[in-house]
S.K.: 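Submitted below is the structure of interest, expressed as structure tokens.
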Amino acid sequence: MTSEITNIPTHVSIIMDGNGRWACSKGHDRLFGHNAGVESVKAAVEYAREKGIRYLSLFAFSEENWGRPDEEVSGLMDLMTKAVVNERPTFAKYDIRLRIIGNREQLPDDLVALVEEVEAETISNSSLDLIIMLSYSGRWDILEAARRYGKMCANATNEGLPIPFLDQDLFTGLLNTDGIPDPDLIIRTSGEQRISNYMLWQAAYTELYFTEVLWPDFRKNDFDKALESFNNRQRRFGKLK
Ligand code: IPE
Ligand code: IPE
Ligand code: MG
């Protein structure tokens, strides 16, 4: 492992892709790959803790993923439930706050109930925020914020108050990621070089890192390579250095 990494990103986000291909290449069904992917999640959380990464968000299931076969979707929801139950003691032990961001209306009721319990239980933990993006899409997030702004305007009008001026700060605060800094680094596994409707607003100035490694094979040394790459980036945010 490298020791020269001096610039640790505050928020790392991972598009965990390639479970299906990993499983198929081994002659198994796709759920076998999703199952194996849980081990990679554990390794990533452990690495994030070791490196002092403050926010780790993981794209686990997109709004578009609801369009997959029922068997895969329900298998993924079961897997998510099992993982939250199994990891619950880990959150307490390592001071991890769990948050789920996504369209809860689409998620199974029992999973939502479990997640809400664990979110409440871990709300004061502050070493690492583990954010699972579940039934999430960037456009959904932006639409939600727009709808909230619409409501704010309607309420203001009803009360005879001025319409709140919409600027970047106000809009950012209306997104479902309110309070979470924009990702400094997004890692995508499996060789795909696209954003797939992820964090569209938040990723405006995020550094992107793509790796051929399939998610079930992603381990600390792969994470380390991504951090090394980030360490060598020069972020300018449109200004001059
Ligand atoms: C990522 O792996 C996990 C989810 C999208 C739920 P995939 O299931 O997309 O795996 P590939 O891309 O088909 O290999
Ligand atoms: C993106 O992967 C979503 C997640 C990793 C949860 P997909 O496999 O769904 O993305 P596309 O279809 O290749 O763009
Ligand atoms: Mg995929």
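Everything numeric here is computed off the predicted structure, so don't read it as measured data. Start at 1 and go down the list; that is how both ligands and their atoms are numbered. Atoms considered below: every heavy atom in the structure, side chains included; atoms not considered: hydrogens, waters and symmetry mates.
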S.K.: If we set the cut-off at 4.0 Å for heavy atoms, which region of F61 has an atom near ligand 2: side chain, backbone, both, or neither?
M.R.: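 For F61, the contact with ligand 2 is made by the backbone alone.
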S.K.: Return the closest protein heavy atom for atom 13 (O) of ligand 2 as residue, atom name and distance.
M.R.: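 In this structure, atom 13 (O) of ligand 2 has R194 NH2, 2.7 Å as its nearest protein heavy atom.
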S.K.: Just need the protein heavy atom nearest to atom 10 (O) of ligand 2, so name the residue and atom and give the distance.
M.R.: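 Protein heavy atom at minimum distance: R188 NH2, 3.2 Å.
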S.K.: If you take the nearest heavy atom of each of R68, M16, M133, R21, which one is closest to atom 7 (P) of ligand 2?
M.R.: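 Looking at heavy atoms only, R68 sits closest to atom 7 (P) of ligand 2.
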S.K.: What protein heavy atom sits nearest atom 9 (O) of ligand 2, and how far away is it?
M.R.: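 For atom 9 (O) of ligand 2, the nearest protein heavy atom comes out as N65 ND2, 2.9 Å.
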S.K.: List, one per line, each side-chain donor-acceptor pair under 3.5 Å for residues 73-85, sequence neighbours excluded.
M.R.:
residue: S74; atom: OG; partner: D70; partner atom: O; Å: 3.0
residue: S74; atom: OG; partner: E71; partner atom: O; Å: 3.4
residue: T81; atom: OG1; partner: M77; partner atom: O; Å: 2.9

S.K.: Which part of S190 is near ligand 1, with near meaning a heavy atom under 4.0 Å away: side chain, backbone, both or neither?
M.R.: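 Neither part.
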S.K.: What is the ring orientation for W215 with F218, classed by angle as parallel under 30°, tilted 30 to 60°, or perpendicular over 60°?
M.R.: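 Ring orientation, 0 to 90° scale: parallel.
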S.K.: For the Mg ion (ligand 3), which protein N/O/S atoms are closer than 2.8 Å?
M.R.: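 Near the Mg ion (ligand 3), the protein supplies D17 OD1.
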S.K.: Scan Q202, H11, R99 and name whichever one has a side chain to side chain donor-acceptor pair (under 3.5 Å) with T177.
M.R.: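 Option passing the side chain to side chain donor-acceptor pair (under 3.5 Å) with T177: Q202.
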S.K.: Is V118 linked to L134 within one hydrophobic cluster, defined over Ile, Leu, Val, Met, Phe, Trp and Tyr using a side-chain heavy-atom separation of less than 4.5 Å?
M.R.: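 They do share one cluster, since a chain of ILVMFWY contacts under 4.5 Å joins V118 to L134.
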S.K.: Counting each atom of ligand 1 from 1 as listed, which ones have a heavy atom of A60 under 4.0 Å away?
M.R.: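 Those atoms are 6 (C).
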S.K.: Considering only protein heavy atoms, which is closest to atom 14 (O) of ligand 2, and at what distance to one decimal place?
M.R.: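 Answer for atom 14 (O) of ligand 2: S196 OG, 2.6 Å.
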S.K.: Does a sphere of radius 6.0 Å around CZ in R104 hold more than 12 heavy atoms from other residues, nucleotides or ligands, not counting ones at 6.0 Å or beyond?
M.R.: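 More than 12 within 6.0 Å, yes.
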S.K.: Test of understanding: given a 4.0 Å heavy-atom threshold, classify the contact between L214 and ligand 1 as side chain, backbone, both, or neither.
M.R.: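 Near ligand 1, L214 shows nothing, with every heavy atom at 4.0 Å or more.
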